[in-house]
Amino acid sequence: MKNKIALITGITGQDGSYLAELLLKKKYKVHGLIRKSSSFNTKRIDHLYIDPHNRTNFFLHYGDLTDSNSIYNLIHNIKPNEIYNLGAQSHVGVSFENPEYTAEVSGIGTLRVLEAMRFLKMKNVKFYQASTSELFGEKYNEKSFNEQSKFHPKSPYGVAKLYSYWITSVYREAYGLFACNGILFNHESPRRGETFVTRKITRFLTRRKLGSNEILYLGNLNAKRDWGHAKDYVEMQWRILQQKKSEDYVIATGATHTVREFIVAAGKLLNLKIYWSGKGLKERGYIHEDNRKKVIIKVDKKYFRPNEVDYLRGNPIKAQKKLNFKPKYSFLSLVKEMINEDLFLAQEELNKKR
Ligand code: NAP
Ligand code: GDD
């Protein structure tokens, strides 16, 4: 049997790296689109790379979702069986500062991939679009969001992703492409970018545990998110493309926690009991150390978004039934893995300083 060929945009990101590992294990030939950067941006996938002069199933190509020709040529040359469009300007807060760029990459970028598939008449190629729970954003008398829930994006990122969601659906209907949206709720891991809230917290608390005196500045502590593990979620990205029919799926745990709850859970794993005082911008998180109260967390309005999605909780029933979605990680085992890996990293940093 010939190896299947996959193309992953966003292969250097959190999900891209886990998905590449999964597909290589399944004997795929994996091709990834990477951006030219003046410093190395391949840290998450370096362990997979083998010089292509030797035998390998892993190939990297320079390109960009803002560059139609690079996408067209790549798809034309490698002739993938499956395309996973994970590339995006994926930070919601940053999308308020760079709205046009976010629309170009996270919105029109998707159209560029779909157009390449259409021009190349690639009807047998399967396409996965990394859609998001940021499409929802407003709670309309419902406890959780499913595939039928109303969309109400609250950020330039959410709007760009809404375009991608609909253009994927339109190309499925209009041209008969096997094109699917995975509407994924927040998923984290030790590979999560350090400016997303969970990783910002685990990086900080583990450094604090090893003696750092920094203060953690955060925004909205009351926001609620449905946090799962990226490893569980990339497996669903693959399964979505293995179905007979192209459809859209919500992937979520079905549980929700505040940012504050995440901090408390992470602190507990490090034996740091965190107390809270004050409200709003005056809220502080502190610990008792050396018989003194030490403030370690402060709220800074810089980290609030101009518009916030307050509550996200997904309803994964369709994925449970049709994809047999059974996550291996719980909320606590996710936090624990992140804490353990970041503790190791903090120790390494400390050793280097000594
Ligand atoms: P991530 O870690 O931020 O990775 C984003 C990837 O996109 C990186 O490889 C990045 O490359 C690449 N990229 C950015 N701009 C690009 C451009 N102009 N051209 C080509 N590639 C570009 O994101 P993630 O957490 O893995 O998420 C993967 C996808 O799922 C994203 O589309 C995200 O919006 C979506 N999503 C994520 C979540 C979540 O909770 N993680 C939930 C729902 C949906 P560099 O490494 O060079 O920056
Ligand atoms: N990043 C960040 N930094 N978020 C903070 C901070 C902070 O200092 N303080 C509070 N928050 C709050 C945010 O306002 C938000 O309500 C919540 O923590 C989670 O923020 P992020 O971790 O940045 O993730 P996100 O939910 O905005 O977006 C992520 O999940 C989406 C799926 O729902 C990203 O991965 C998106 O790409 C993804 O689509």
Side-chain angles (χ1 to χ4, degrees), residues 8-20 32-37 39-45 62-67 70-71 84-95 98 101-102 104-106 108-110 112-113 128-137 145 153-155 157-158 160-161 164-165 181-189 191-201 204 216-230 233-234 237 250-252 257-260 262-263 297 299-305 307-312 314:
I8 304 177
T9 73
I11 196 161
T12 54
Q14 171 188 254
D15 288 12
S17 64
Y18 283 122
L19 181 65
L33 180 85
I34 59 166
R35 304 197 279 173
K36 173 71 186 83
S37 149
S39 48
F40 290 116
N41 59 357
T42 53
K43 198 172 81 186
R44 295 186 181 102
I45 49 170
Y62 283 117
D64 199 294
L65 282 166
T66 59
D67 183 329
S70 67
I71 295 166
Y84 295 86
N85 187 35
L86 310 185
Q89 189 305 91
S90 75
H91 199 285
V92 175
V94 170
S95 79
N98 298 280
Y101 177 70
T102 304
E104 273 295 339
V105 180
S106 313
I108 305 298
T110 307
R112 294 187 179 103
V113 180
Y128 173 87
Q129 170 54 24
S131 283
T132 164
S133 46
E134 282 288 312
L135 299 181
F136 303 119
F145 299 98
K154 294 263 178 137
S155 63
Y157 167 81
K161 284 284 188 176
S164 286
Y165 170 91
N181 285 290
I183 307 172
L184 272 52
F185 282 64
N186 296 52
H187 43 282
E188 319 295 310
S189 74
R191 294 187 195 168
R192 184 57 141 156
E194 295 190 24
T195 59
F196 295 94
V197 80
T198 55
R199 190 80 199 289
K200 192 169 161 184
I201 294 165
F204 167 80
L216 176 64
Y217 291 94
L218 291 172
N220 184 359
L221 301 176
N222 296 314
K224 288 190 152 185
R225 289 291 182 273
D226 179 334
W227 279 299
H229 196 296
Y233 286 33
V234 299
Q237 297 174 352
V250 158
I251 308 294
H257 299 271
T258 61
V259 171
R260 197 183 292 98
F262 189 98
I263 299 170
I297 299 167
V299 174
D300 182 343
K301 66 173 187 304
K302 174 177 157 190
Y303 295 109
F304 282 79
R305 282 118 195 224
N307 205 12
E308 173 70 292
V309 171
D310 294 312
Y311 177 92
L312 285 176

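Atoms within a ligand are numbered from 1 in the order they appear, just like the ligands themselves.
Per-residue contacts place A223 under 4.0 angstrom from the following atoms of ligand 2 (heavy atoms of the residue considered): 16 (O).
Counting heavy atoms closer than 4.0 Å to ligand 2, residue V259 contributes side-chain atoms (C-beta onward) but none from N, CA, C or O. Residue contacts with ligand 2 for K161 are absent, since no atom lies close enough (heavy atoms, distance under 4.0 Å). For V92, every heavy-atom contact with ligand 2 shorter than 4.0 Å involves the side chain, none the backbone. Contacts of L221 with ligand 2, taken as heavy-atom pairs under 4.0 Å, are absent altogether.
Under a 4.0 Å N-O distance rule, the pair E308/R225 qualifies as a salt bridge.
In terms of polar-atom proximity, defined here as any N/O pair under 3.5 Å, T132 does make such a contact with ligand 2.
Using 4.0 Å as the threshold, R192 has a heavy atom nearer than that to some atom of ligand 2. Remark: distances from the non-hydrogen atoms of H91 to ligand 2 include one below 4.0 Å. Residue contact annotation: Y157 has a non-hydrogen atom under 4.0 Å from ligand 2.
Ranking the protein heavy atoms by distance from atom 16 (O) of ligand 2 puts E308 OE2, 2.9 Å first. Taking atom 8 (O) of ligand 2 as the reference point, the nearest protein heavy-atom neighbour is K200 NZ, 2.7 Å. Ranking the protein heavy atoms by distance from atom 6 (C) of ligand 2 puts V197 CG2, 3.5 Å first. The nearest heavy-atom contact from the protein to atom 48 (O) of ligand 1 is R35 NH2, 2.8 Å.
Distances from atom 9 (N) of ligand 2 to the heavy atoms of G219, A130, S131 put G219 nearest.
Contacts of K154 classified as salt bridge (Lys or Arg N to Asp or Glu O under 4.0 Å), with partners at least two apart in sequence or in another chain: E138.
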### Message
For a side-chain hydrogen bond (donor to acceptor under 3.5 Å, both in side chains) check, start with the C-alpha distance between T102 and S95, then their side-chain angles and the critical distance, and finish with the verdict.
### Response
CA-CA 6 Å; T102 304; S95 79; 5.0 Å; no
